[in-house]
**Student:** 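What follows is a single structure, and I will ask about it in a moment.
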Amino acid sequence: MTTVTPSPRAKLRPADRIFSGATVIAGSIILAALAAVAIFLLAQSVPALVVDPAELKGSPSSFWEYVAPLAFGTVWSAFLALLMALPISLGIALFISHYAPRRVAQTLGYIIDLLAAVPSVVFGLWGIKILAPAIVPLYTWLVDNAGWFPLFSPPVSGTGRTILTVAIVLAVMIIPIITAICREVFLQTPVLHEEAALALGATRWEMIQMAVLPFGRPGIISAAMLGLGRALGETMVVAMVLSPAVLITFVLTGSQNSPTIAGNIALNFPEAYGVNVNALIATGLILFIITLIINSVARFVINRRKAFSGAN
Amino acid sequence: MNFKRLGTIGAIAIAGSIVLSSCAANEAPAEPTASLSGTLVGAGSSAQGSAQEAWIAAFQTANPDVNITYDPTGSGAGRETFIGGGSDFAGSDSALKQEEIDGGFAACVPGTGYIQVPDYISPIAVIFNVDGVDKLNLDAATLAKIFKGDITSWDDPAIAALNAGTTFPSAAITAVHRSDDSGTTKNFADYLFQNAPDVWTEKPADPFPYATGEAAQGTSGVVGAVTNGTNTIGYADASKAGALGTAAIKVGDTFVNYTAEAAAAVVADSPAGATAGATDLSISINRTTTDPTHYPLVLVSYLIACNEYVKADVAPLVAAYLGYVTSADGQAEAAASAGAAPMSAALSDKIAAIISAIK
């Protein structure tokens, strides 16, 4: 009689094969989609990159001169939005995860999620109909009293449709995204760490400083990057609210603001033809690259910080 | 963008239902032509967009077997599509350029030429919203300086000199222009370029040429910015000006407020354009007119089609549809639904003769 030696590997059942196959397919679909977008952008951009720049809108001296104000406006508005949204989001997330009574926390979390479901065109209408007219007195006051400061140099916008207004609307739009992720991350903090901190005599704020924030740091960065990505690519709000001009300016309260790439495509695509269509798509490629760089930097920061986060 | 598309679809649906319901009770707006059927494809000027929707709705009600589409992709794209044979007719805010004509048209029988006739005349109003001011007179040079950023305050002596008896606030002017490319901007700039060439030195084009003032998206965006802002001024299709004040512009020695009649009058009295011929009624608008019955700040949009079609079956459709659009009925429809200025009867008759020869 011979004894059958059992195989050291577990027997693969059909369900295992199907499931692992499905995950591989799902994983490759996202890569294929991204590659398809990248190829489309590259192929369509080439004519605009090689054409005589005088044929582009505004007859710039080079394609880079054409795209520079757009790239600047995109990054500047998204940065301002993140600057306003991140502290507020962290506050909301910590309140929900560590301060609020459970029932309040649940309701608040639900309301925040609801905010994420509002379409951007509605935010745009709110920005242009309510926020912009309402904020004009503040801008006028800022320019009158702090006009020496480069960010508020005169003249002031008469309609409030400035890059700061856009950034405020964008901040409202990205708060739910950042809050939702931070909240989930803060809730994952090992209870042992928190209780240890409290047992050593830390106040709740000190406990959050010692245990929650270091643990959540990679998550906070990821959340901020997701929010930033949303702000970088936001189209409708910028197209509706911003008063654009072709220039690079840091001024927050003026009539002339640097346009953003996505907003510029939305405004000019309907009437563009010939090589100007390619030029607009080429600006889309630049946006793609900007997003890629920012995400890579974020990924790098997260990886570098992982060892100290307490997650290991 | 989705919003805009949805809005367009919604507008078509509403326009369609209004026309359908009104036609049940009243006579059909377009002459029902015996047994027309088939599909007609047009593309081009977005300025004509809402008028085209109204025309199509009315025409299809009278001719239920005809299916017409008009894609408001913009004038340049519309001309390009027609030249390449992708559409049966085009709408364009600027007349064909000589090199476009020389290149030929794919949909037309070679050597038979093309048709270019005006079909949509829209006065452009200078709208303003200034505290305590309800009447405003401006000449071209002052208007150009305001939009170029040379005049920055409402109490500037140049404005006061044109408006005796009105007290202006000592407030900064917010001049609002279009942030998207637009035939309205081009016509507005053309008026300033021809009347005040030493101030407005940039050649007229679809984008706004100077990096001054505020920019807003579309006609509704400009009207919204002027309405919601304070001490603002802008330019927009006159039909969309709503309750805002509109400035009278200086023609000769008098100040003329826009009216549909004055807009149609300047078009009727304007000289023929550079490419004009037997079937090309393009005009070069007389922006520097001194006749006080004229309002020279107008946008004229054209229909471009073939004299003789390669696809013979679309010819009767084009003739019938274009005939309706340029008829008194069609012009009245555009006036009611899009605020256009109906063209003069003499021009309409001239166009009818050209269009009836389409084969």
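Just so it is clear: chains get the letters A, B, ... in the order the sequence lines come, proteins before strands, and each one is counted from 1.
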**Student:** Under 4.5 Å, counting heavy-atom pairs only, tell me which of Asp206(B), Asn231(B), Thr212(B), Thr230(B) racks up the most with chain A.
**Tutor:** Thr212(B)
**Student:** With only heavy atoms counted, which part of Ser45(B) is less than 4.5 Å from chain A, the side chain, the backbone, both or neither?
**Tutor:** neither
**Student:** Heavy atoms only: give me the nearest Thr174(B)-Gly158(A) pair and the separation to one decimal.
**Tutor:** OG1-CA, 3.3 Å
**Student:** In Å, rounded to the nearest 0.5 Å, how long is the span from CG of Asn268(A) to OG of Ser179(B)?
**Tutor:** 7.5 Å
**Student:** Under the 3.5 angstrom rule, does the side chain of Gln256(A) hit a backbone N or O of Gly213(B) as a donor-acceptor pair?
**Tutor:** yes
**Student:** Side chain from CB out, backbone as N, CA, C, O: work out which of these in Asp181(B) comes under 4.5 Å of a heavy atom of chain A, or both, or neither.
**Tutor:** both
**Student:** At a heavy-atom separation under 4.5 Å, does Ala172(B) approach chain A through its side chain, its backbone, both, or neither?
**Tutor:** neither
**Student:** Calculate, to the nearest 0.5 Å, the distance between atoms CD1 and OG belonging to Ile128(A) and Ser220(B) respectively.
**Tutor:** 8.0 Å
**Student:** Can you tell me how far apart NE2 (His177(B)) and OG (Ser243(A)) are? Round to the nearest 0.5 Å.
**Tutor:** 6.0 Å
**Student:** Taking side chain as everything from C-beta outward and backbone as N, CA, C, O, which of these in Pro244(A) sits under 4.5 Å from a heavy atom of chain B? Side chain, backbone, both or neither.
**Tutor:** both
**Student:** Nearest 0.5 Å, please: how far is OG1 in Thr73(B) from CZ in Phe269(A)?
**Tutor:** 10.5 Å
**Student:** Are the side chain of Arg161(A) and the backbone of Gly229(B) linked by a donor-acceptor contact shorter than 3.5 Å?
**Tutor:** no
**Student:** With side chains defined as the heavy atoms from C-beta onward, is the minimum distance between Thr232(B) and Thr159(A) less than 4.5 Å?
**Tutor:** yes
**Student:** If I compare all heavy atoms of Glu214(B) with all of Ser157(A), which pair ends up nearest, and what's the gap?
**Tutor:** OE2-OG, 2.5 Å
